[in-house]
Amino acid sequence: MIKKKICMIGAFAVGKTSLVQQHVHSIFSEKYHTTVGVKIDKKTMVVAGRQLDLIIWDLHGEDDFQTVQMSYLRGASGSIYVVDGTRRATLEIAMKLKGRADQAVGLLPAIVALNKCDLQHRWEMAADDMNRLAEEKMPVMKTSAKTGRSVEALFQTLAGLLLEVS
């Protein structure tokens, strides 16, 4: 069995924990619980006929009061950068975190999750933002932890990328 550590990275309250809970346990809670430090979950998946254990590190969000510790990324095989589509500033934070992560651990397979697509009528993302993401050469997926839209596909896509580099 192949084991891969992946990190959920992003700003405060973008839905990292909710995406993990939807993926691992098929649940969504309206109650907000701040992640302190890191929360670790595991999910076994079959990708391209191969069994893969994803060890998912849900890192606390970055904001004005706390920064993500790059030491949490040691040993990671890939990452998901989560952006809240209703808060444009979270894109800037995610891209800043990606730059710091690339410096700390090198280039890893990564995906951007544009979360809260169930609230797309409230999105602040513009065409320029989408073009900027395209320049990063990472897959971008619109997700909703609430409805489950594209959550499984998000993790399947990253798992496929991880297997390509193994």
Side-chain angles (χ1 to χ4, degrees), residues 4-25 27-43 54-120 122-126 128-146 149-151 154-155 157-159 161-162:
K4 298 287 184 179
K5 172 183 173 181
I6 64 167
C7 294
M8 304 292 290
I9 305 170
F12 174 78
V14 294
K16 296 178 299 294
T17 300
S18 294
L19 285 168
V20 173
Q21 291 303 301
Q22 183 64 255
H23 176 62
V24 175
H25 304 291
I27 59 172
F28 176 80
S29 174
E30 292 284 349
K31 294 180 182 177
Y32 180 75
H33 297 279
T34 301
T35 301
V36 177
V38 63
K39 184 178 181 302
I40 302 171
D41 278 291
K42 180 179 120 176
K43 173 90 181 234
L54 286 185
I55 312 303
I56 305 167
W57 284 48
D58 175 12
L59 309 182
H60 67 80
E62 180 149 324
D63 61 15
D64 292 338
F65 304 105
Q66 64 181 3
T67 59
V68 172
Q69 300 301 315
M70 291 297 116
S71 60
Y72 287 141
L73 300 176
R74 280 193 204 117
S77 298
S79 53
I80 297 174
Y81 292 92
V82 184
V83 175
D84 177 347
T86 68
R87 295 184 297 148
R88 187 184 180 285
T90 65
L91 173 61
E92 298 304 321
I93 293 169
M95 293 302 95
K96 181 177 81 172
L97 287 167
K98 181 174 183 335
R100 286 181 30 218
D102 290 350
Q103 286 183 330
V105 295
L107 294 174
L108 298 175
I111 293 182
V112 174
L114 290 176
N115 200 31
K116 304 185 183 179
C117 70
D118 55 299
L119 301 173
Q120 200 156 356
R122 292 182 25 204
W123 272 31
E124 295 179 352
M125 297 293 151
D128 288 347
D129 298 320
M130 301 307 279
N131 292 337
R132 178 178 176 201
L133 284 171
E135 290 171 6
E136 292 290 330
K137 302 213 182 338
M138 289 186 293
V140 177
M141 299 184 75
K142 292 180 180 178
T143 62
S144 171
K146 184 175 186 174
R149 178 180 167 189
S150 298
V151 174
L154 174 71
F155 286 91
T157 301
L158 181 59
L161 293 173
L162 297 176

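Every value quoted in this text rests on a predicted model; they were computed, and no experiment measured them.
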Could you report the tightest heavy-atom contact between [X] and [Y], atom names first, then the distance?
{"X": "S150", "Y": "T143", "result": "O-CG2, 3.9 Å"}
{"X": "A113", "Y": "L19", "result": "CB-CD1, 4.3 Å"}
{"X": "V83", "Y": "A94", "result": "CG2-CB, 3.7 Å"}
{"X": "L114", "Y": "W123", "result": "CB-CH2, 3.6 Å"}
{"X": "R88", "Y": "D129", "result": "NH2-OD1, 2.7 Å"}

TODO: Ignoring hydrogens and angles, tell me if any N or O in the side chain of Q21 forms a donor-acceptor pair with the backbone of I27 under 3.5 Å.
DONE: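 Absent.
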pair [X]-[Y]: side-chain heavy atoms closer than 4.5 Å:
{"X": "M70", "Y": "V105", "result": "no"}
{"X": "L158", "Y": "P109", "result": "yes"}
{"X": "D58", "Y": "I40", "result": "no"}
{"X": "V112", "Y": "I80", "result": "no"}
{"X": "I55", "Y": "I6", "result": "no"}
{"X": "M125", "Y": "L91", "result": "yes"}
{"X": "M8", "Y": "I56", "result": "yes"}
{"X": "I111", "Y": "F155", "result": "no"}

- [ ] For the pair V68 and L73, evaluate side-chain contact (heavy atoms from CB on, under 4.5 Å) and give the outcome as yes or no after the intermediate values.
- [x] CA-CA 10 Å; V68 172; L73 300 176; 5.8 Å; no
Task: Qualifying side-chain hydrogen bond (donor to acceptor under 3.5 Å, both in side chains) pairs with a residue from residues 65-75, counting only residues at least two apart or across chains - done: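 Residue pairs with at least one partner in residues 65-75: H60-Q66.
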Task: Pair listing, side-chain hydrogen bond (donor to acceptor under 3.5 Å, both in side chains) test, anchored in residues 96-107, at least two apart - done: E62-K96, E62-R100, K98-D102
Task: All pairs passing salt bridge (Lys or Arg N to Asp or Glu O under 4.0 Å) where residues 76-86 contributes a residue, at least two apart - done: D84-R87, D84-K116
Task: M130 vs D128, side-chain contact (heavy atoms from CB on, under 4.5 Å): CA-CA, chis, key distance, verdict - done: CA-CA 5 Å; M130 301 307 279; D128 288 347; over 6 Å; no
Show every donor-acceptor pair shorter than 3.5 Å between a side-chain atom in residues 132-140 and any protein atom, with sequence neighbours excluded, or say none if there are none.
from, atom 1, to, atom 2, distance (Å)
R132, NH1, E92, OE1, 3.0
R132, NH1, E92, OE2, 2.8

Open item on the list: Between K43 and D41 (salt bridge meaning N to carboxylate O under 4.0 Å), is one present in this structure?
Closed with: no
What pairs with [X] under side-chain contact (heavy atoms from CB on, under 4.5 Å), at least two apart in sequence or on another chain?
{"X": "A11", "value": "V14, T90, I93"}
{"X": "K5", "value": "C7, W57, A76"}
{"X": "S144", "value": "C117, D118, K146, T147, R149"}

- [ ] Return the set of residues passing ring pair (Phe, Tyr, Trp, His ring centres under 6.0 Å) with Y81 (not counting sequence neighbours), or none when no residue passes.
- [x] none
- [ ] List in chain and number order the residues that pass side chain to side chain donor-acceptor pair (under 3.5 Å) with T35, two or more places apart in sequence or in another chain; answer none if no residue qualifies.
- [x]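 With sequence neighbours excluded, T35 shows a side chain to side chain donor-acceptor pair (under 3.5 Å) to T17, given in chain and number order.
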Task: Non-neighbouring partners of K142 that pass salt bridge (Lys or Arg N to Asp or Glu O under 4.0 Å), sequence neighbours left out - done: none
Open item on the list: Quick check for you: to the nearest 0.5 Å, what is the distance between F28 atom CZ and Q22 atom CD?
Closed with: 8.5 Å
